[in-house]
Chemist: 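My questions all concern the structure below.
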Amino acid sequence: MSQEFRFQLHCADQSCSARRATFFTPHGPVETPAFMPVGTQGTVKGIELDRLRETGAHMILANTYHLATRPGEETVVALGGLHKFTGWEGPILTDSGGFQLYSLANCAKATEDEVRFRSHIDGRLLALSPERAVAIQEALGSDVAMVLDHVVALPNKPEKVRDACERTIRWAARCQKAATRRDQALFAIVQGGLDLELRVECARQLAEMDFIGYAVGGLSVGEEPVEMYKTLDAVCPAMPYEKPRYLMGVGRPIDLLEGVRRGIDLFDCVMPTRNGRNASAFTDAGPLRLRNKQFTRDDRPIEEHCPCPACRRSRGYIRHLFMAKEMLGPMLLAVHNITYYQRLMRDARAAIETNSFMEFYARRVAGWAGA
RNA sequence: GGGGGGUUUCCCGAGUGGCCAAAGGGGUCAGACUGUAAAUCUGAUGGCAAUGCCUUCAAAGGUUCGAAUCCUUUACCCCCCA
């Protein structure tokens, strides 16, 4: 394995499975546990790069299906690759397009060989095989590529979940075989729905293949949060201890802490940016819906001591921006929410370092519950 | 002076005898959002002691079992001819 992707463990919390590490990539280190903002189409919606950097984010996401569909990976290559194309000089992880099998289910069909997408833009066919998913990600030039996986909605028929899980393992092997870049890490994805035995078996088989990192996929796709936590209880110990663990697509602030205490190192989620665009701001006292009338003359910032640009204004002003449909409203709350998520993770890292993660966890949970 | 058209629930606007507390937008209020087809979507929006009752379609009066819808008068607005 390339020395470029060293995962250096610093310490582990004694009261839970949380651990503190640094994940090295060709575009810089990522301090974990970490939250990665989602920039599906090569932009974290509504946030300029320097603003994004100021939130404390190290690594961001982009999406294989979306970039292959538009502008096309050849165009990204022609414009210098993903980093030059987007201007983001830090690490980038590309999702494989497996999630679009779930989110764009109407336009996608999975066979044993590949996923066939009818483009949601112009109806053109995009055939995404495991090999093609790797080739596109290598062309894009992300630091971390994800294997193509088969994501199914939950709840689902046991045989569908099992099929998707077993196919994901076969596809992982094909992706691994197809990968050629030494400066790009390939992460495997554990599937298996809520079937704990299937999950553990999937993790065990993938672990034997020796990937650089391991992800848990197929969660927060319709199941109850407690079911997700139970699944993590089973899966996390089955994933290699000395490699990065990434919980895909999760989640709310509470979900991040639930993940961290079970030994997850990396997270991504659209929630801070999407909910921000929809006027919802995260705080230690729970979310504020800033379109609500109660904020009309509220002269306080969203959160005291928050250093973000939104918190240099009043809640009343931000409500005004949303009511007037000014684009600055969504932009400010996207930055605030990413700043909030980054602070949450930074505080979590500090708590692990002082061996007090569960105290930190209890304090935050109590705050969100309004205690 | 003569002729014609109009006034609808916060706004715009449909509705020409019962199925109308009244379509559809907008606004407002509330909710949702978890590897982004999302600056999107959903619900509510006359009042109330609310499986019902009361008040409303410019105002007043009338016709009718029944009127936002038909008739009369009044007020205001618009257009055409003098």
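Naming convention: chains lettered A, B, ... in sequence-line order (proteins, then strands); numbering from 1 in each chain. Quantities reported herein were computed from a predicted structural model and do not represent experimental measurements.
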Chemist: List in numerical order all residues of residues 290-299 of chain A for which some heavy atom is under 4.0 Å away from an atom belonging to RNA chain B.
Modeler: A:R291, A:N292, A:K293
Chemist: Please list, in numerical order, the residues of residues 276-286 of chain A that have a heavy atom closer than 4.0 Å to any atom of RNA chain B.
Modeler: A:R277, A:N278, A:S280
Chemist: Listed in order of residue number, which residues of residues 144-156 of chain A have a non-hydrogen atom at under 4.0 Å from RNA chain B?
Modeler: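 Nucleic-acid contacts, sorted: A:D149, A:V151.
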Chemist: Name every residue in residues 27-34 of chain A that has at least one heavy atom under 4.0 Å from any atom of RNA chain B, in order of residue number, or write none if there are no such residues.
Modeler: none
Chemist: Name all residues meeting the side chain to side chain contact (heavy atoms under 4.5 Å, CB included) criterion together with A:L125; count only those two or more places apart in sequence or in a different chain, and write none if there are none.
Modeler: A:R116
Chemist: Take the protein atom CG of A:L186 and the nucleotide atom P of B:G35, then report the distance between them rounded to whole Å.
Modeler: 21 Å
Chemist: Rounded to whole Å, how long is the line connecting atom CE of A:M323 with atom P of B:A30?
Modeler: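 To the nearest whole Å, that distance equals 8 Å.
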Chemist: Using a strict threshold of under 4.0 Å (side-chain N to carboxylate O), is an ion pair present between A:E359 and A:R363?
Modeler: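 The answer is no: the pair does not qualify as a salt bridge.
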Chemist: Can you list every side chain to side chain donor-acceptor pair (under 3.5 Å) pair that touches residues 47-57 of chain A, not counting sequence neighbours?
Modeler: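 The answer is A:R51-A:E54.
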Chemist: In the structure shown, which nucleotide is the Watson-Crick or G-U wobble counterpart of B:G18, with both distances under 3.5 Å?
Modeler: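 B:C65 - that is the nucleotide pairing with B:G18, both distances being under 3.5 Å.
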Chemist: Please report, rounded to the nearest Å, how far the P atom of B:C41 is from the CZ atom of A:F322.
Modeler: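 The distance from CZ of A:F322 to P of B:C41 comes to 16 Å, rounded to the nearest Å.
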Chemist: What's the CZ-P distance between A:R252 and B:C33, to the nearest Å?
Modeler: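 My rounded result for the distance is 8 Å.
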Chemist: Does any nucleotide pair with B:A32 by Watson-Crick or G-U wobble geometry, both distances under 3.5 Å, and what is it?
Modeler: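 Its partner is B:U40 (Watson-Crick or G-U wobble, both distances under 3.5 Å).
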Chemist: Can a donor-acceptor pair under 3.5 Å be found between the side-chain atoms of A:D268 and the base atoms of B:G35?
Modeler: no
Chemist: Using purine N1 to pyrimidine N3 plus N6-O4 or O6-N4 for Watson-Crick, or N1-O2 and O6-N3 for G-U wobble, each under 3.5 Å, what pairs with B:C76?
Modeler: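 When the pairing criteria are applied, B:G6 turns out to be the nucleotide that pairs with B:C76.
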Chemist: Mind listing the side-chain donor-acceptor pairs of residues 252-272 of chain A below 3.5 Å, one per line with the distance, residues two or more places apart or on another chain?
Modeler:
| unit_1 | atom_1 | unit_2 | atom_2 | d |
| --- | --- | --- | --- | --- |
| A:R252 | NH1 | A:D255 | OD1 | 3.0 |
| A:R252 | NH1 | A:D255 | OD2 | 3.3 |
| A:D255 | OD1 | A:Y229 | OH | 2.5 |
| A:D255 | OD2 | A:R252 | N | 3.1 |
| A:E258 | OE1 | A:R261 | NH1 | 3.4 |
| A:E258 | OE1 | A:R262 | NH1 | 2.7 |
| A:E258 | OE2 | A:Y361 | OH | 2.4 |
| A:R261 | NH1 | A:Y361 | OH | 3.1 |
| A:R262 | NE | A:Y229 | O | 3.3 |
| A:R262 | NE | A:D233 | OD1 | 2.7 |
| A:R262 | NH1 | A:E258 | O | 2.9 |
| A:D265 | OD1 | A:R19 | NE | 2.9 |
| A:D265 | OD2 | A:R19 | NE | 3.3 |
| A:D265 | OD2 | A:R19 | NH2 | 2.8 |
| A:D265 | OD2 | A:R245 | N | 2.8 |
| A:D268 | OD1 | A:Y246 | OH | 2.7 |
| A:D268 | OD1 | A:G249 | N | 2.8 |

Chemist: For A:N275, which residues count as a side chain to side chain donor-acceptor pair (under 3.5 Å) partner, sequence neighbours excluded?
Modeler: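 Result, side chain to side chain donor-acceptor pair (under 3.5 Å) vs A:N275: none returned.
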Chemist: For A:E223 and B:G35, give me the distance from atom CD to atom C1', rounded to whole Å.
Modeler: 13 Å
Chemist: Rounded to the nearest angstrom, tell me the gap between atom CG in A:N275 and atom C1' in B:A38.
Modeler: 11 Å
Chemist: Here's a test of your reading of the structure: between A:V250 and A:R274, which maps to the more 5' nucleotide of RNA chain B?
Modeler: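 The residue mapped nearer the 5' terminus is A:V250.
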Chemist: Go ahead and name the base partner of B:U56; Watson-Crick or wobble counts if both distances stay under 3.5 Å, otherwise write none.
Modeler: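 Paired with B:U56, as far as the under-3.5 Å criterion goes, is no nucleotide at all.
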Chemist: Which of residues 108-121 of chain A sit near RNA chain B, with a heavy atom under 4.0 Å from it?
Modeler: A:H120
Chemist: To the nearest Å, give me how far apart CZ (A:R319) and P (B:G27) are.
Modeler: 13 Å
Chemist: Could you check whether A:I189 gets within reach of a base, just the sugar-phosphate, or nothing at all, counting any heavy atom under 4.0 Å?
Modeler: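 Base: the residue A:I189, judged by heavy atoms under 4.0 Å, touches a nucleobase.
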Chemist: For residues 316-337 of chain A, pull every pair meeting side chain to side chain donor-acceptor pair (under 3.5 Å), keeping only residues two or more places apart or in separate chains.
Modeler: A:T296-A:R319
Chemist: With both distances under 3.5 Å as the test, what is the Watson-Crick or G-U wobble partner of B:U45?
Modeler: B:G27
Chemist: Excluding sequence neighbours, so at least two apart, what forms side chain to side chain contact (heavy atoms under 4.5 Å, CB included) with A:R346?
Modeler: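 Testing A:R346 for side chain to side chain contact (heavy atoms under 4.5 Å, CB included), a comparison that skips the adjacent residues, returns A:R343, A:R349.
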Chemist: Name all pairs fulfilling the side chain to side chain donor-acceptor pair (under 3.5 Å) condition that reach into residues 88-105 of chain A, sequence neighbours left out, sorted by first residue then second.
Modeler: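 Checked against side chain to side chain donor-acceptor pair (under 3.5 Å) - neighbours excluded - the pairs reaching residues 88-105 of chain A are A:N63-A:Q100, A:T94-A:Q137, A:T94-A:S142.
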Chemist: Rounded to whole angstroms, how far apart are NE2 on A:H336 and P on B:A39?
Modeler: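 Interatomic distance, NE2 of A:H336 to P of B:A39: 20 Å.
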